[in-house]
Amino acid sequence: MNETVRPRIAASACPHDCPSTCALEVEVFDRHTIGRVRGAADNAYTARVICAKVARYAERAHHPDRLLRPLRRLGPKGSGEFAPIGWDDALDLVAEHFMRAERAHGAEAVWPYYYAGTMGLVMRDGINRLRHAKKYSGFFSSICVNPAWTGFIAGTGKLAGSDPREMAKSDLVVIWGTNAVNTQVNVMTHATRARKERGAKIVAVDVYMNATMRQADLPVLIRPGTDGALACAIMHCLFRDRRADWGYLERYTDAPHELAAHVRTRGPEWAARITGCPVETIEAFAKLVGENKRAYFRLGYGFSRSRNGAVNMHAASCIAAVTGAWRLEGGGAFHNNGAIFHFDNSLIDGTDVLDRSVRMLDQSRIGAILTGETDALRGGPPVTALLIQNTNPVSVAPDQETVKRGFAREDLFVCVHEQFMTDTAKVADIVLPATMFVEHDDVYQAGGSQYILLGPKLIEPPGECRSNHDVICALARRLGAVHPAFDMTPREIIDGTLRKSGWGTLAELEANRWIDCQPDFATAHYLGGFAYPDGKFRFKPDWPKVPFPRARGAGPCPPMPALPDHWEVIEEADGEHPFRLATSPARGFLNSSFTETPTSLARERRPEVMIHPDDAAPLAVTDGEEVMLGNRRGAVRIRARLFEGVRRGVLIAESLWPNSAYADGRGINTLTGADSVAPFGGAAFHDNKVWLRKLPA
Ligand code: SF4
């Protein structure tokens, strides 16, 4: 008789680049096997709900295509021809190439490059310790958060806001510029609870009728990059209709009279011309905001990935200050909680050995850097050696053709430490197999909630996979890099970091599974004043001086609008490029992760671009037909999907498919630009002018 094996249930945390950082319960069958993954019911933010892709994590952890052994390139660069190599030989080769690069051009010729393939602090950020100890080129981490964080901090002075769980206590939840159903499902948990229990309304603002917009009571469909105009029109209506809280404005804000005068000429008709959204919808949105003071503005990342993204984020964040929504539980604004965790990063990042004179290279400009553009190199030596962990720049970085040209350089040595043979691993010289989150110990800090969570090692790694920490320490020994944390285990580093940061000990975290770091109500709602010295929310931020903690490495700040506005710096459509393209996240993928799991692939089917039927008709483009999308940066072959849920002139390509999923190997980032977003860098992934053509018969 078959016996059913009952798994044990182990606590963990989702490691993926998603604001929710869900508390997980993982079925563990034996030392090598996990089963179903569920959301922890007793975590107040996760509240039992997680996304489908992580619920089926066993598909990914036990995938037959996992990298299991170190590999060394045999054939020409990018040929995909590799042969197995032992760990010691592989690490010796990497160290030899790094030392050769250093001897030839100085330490800045080596560039450790990483991002958020895991959000675990030890495994994600430990590469910085090696960088700092060796004075390798700095990493200006610009690709994701900079415009969004800067825009939010511009108003409040600090990256924190109302408790995200308060959404459930709101009368109006505004989900702005984030397709939460696809990318952070927990926002929907709390927003729909408010609707069910309090009759709250949900407004969603986005550039296509995605799953979140379809669940909203009022979907506000706008053109990409026009959120600032929409926000100004909402504030115009609030002042016009005497819904502004002047008592709050006088006490808590810097320039309310200037703002009121400024938006007087920026009403719904003005905004309708810019956004493409009907006047009636803008008026209906403003009425809901005016009549429901207990309004919660949940501001996402998507709408900040535009050349005017920081200005748009700031403009949207201003609305809660006009109505005084911050005063009430269930009211105010929230984007990310980065400022509440106050971690001491010295053990993980080696900040205690950081030399601030070392140049910072902009992650988003990796193409320009690897192809030797002088300004991108900040006047320093060429990059001739790369160590890459937790990211896949040949797929995810903007200006892909330039990135590919850079990686094709014969004098560039590339080591990629990865879980799968990604587009970047394919062009490496050495590929090292990496562990997944259930195979190593780490600690996680949420962005979209207020938890610190532990993700302990639950099973043994498959094959010869090693953790990021192991690889960094092994390289440090070979390279003569000195720091106490190179001789510590991940658990020792976690314990030491928690203690140094005032968050207790590893044993306590292990017993409690997470730490709720939520500040008290008055602090979270800035009732004692906002985080500027005068306590005032800034309608008129001094952009170059916005206290964004990661600004080091940014170039000069151009002149920016003094007050909230539609800043006309986007790649506006023109005669040659009649469409605006946004590359929004697909539900089954998370950046380029999960593009290997069968269920996600079956769900997403193939790369497609959504086009309004009235735009397709004059081009004689039919549903499902293969078309070319292009601009001055390159061209992509992709299937058209006729879809009425976009404004005319707008195209949406849900991403991020591997380059190999496209007929000619050119991924969607062939079309995105790497020019820096003001004021502190960033990539404008949703701000592209393009043409669309039928393929020749
Ligand atoms: S919703 Fe986000 S944090 Fe939660 S399990 Fe899915 S990817 Fe992870």
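Whatever order the structure lists them in is the order used to number ligands and atoms, beginning at 1.
No side-chain N or O of Ser467 forms a donor-acceptor pair with one of Glu439 less than 3.5 Å apart. For the residue pair Ser600 and Thr597, a side-chain donor N or O sits within less than 3.5 Å of a side-chain acceptor on the partner. Judged by distance alone, the side chains of Thr505 and Asp495 never bring a donor and an acceptor atom under 3.5 Å apart. Checking Asn128 against Tyr114 by side-chain atom types alone, a donor-acceptor pair falls below 3.5 Å.
Atom 6 (Fe) of ligand 1 has its closest protein heavy atom at Cys51 SG, 2.3 Å. Summary of contacts: the protein heavy atom closest to atom 4 (Fe) of ligand 1 is Cys22 SG, 2.3 Å. Distance from atom 2 (Fe) of ligand 1 to its nearest protein heavy atom, with residue and atom name: Cys18 SG, 2.3 Å.
Those atoms of ligand 1 that come under 4.0 Å of a heavy atom in Thr21, given as number and element, are 3 (S). Near Leu590, meaning under 4.0 Å from one of its heavy atoms, ligand 1 places the atoms 7 (S). Close approach to Val54 involves these atoms of ligand 1, each under 4.0 Å from a residue heavy atom: 5 (S), 6 (Fe), 7 (S), 8 (Fe).
For Arg550 and Phe680, the positive end is not near the middle of the six-membered ring at less than 6.0 Å and at most 45° from its axis.
More than 12 heavy-atom neighbours from other residues, nucleotides or ligands sit within 6.0 angstrom of CZ on Arg8.
Within the 2.8 Å limit, Cys14 places no N, O or S atom next to atom 4 (Fe) of ligand 1.
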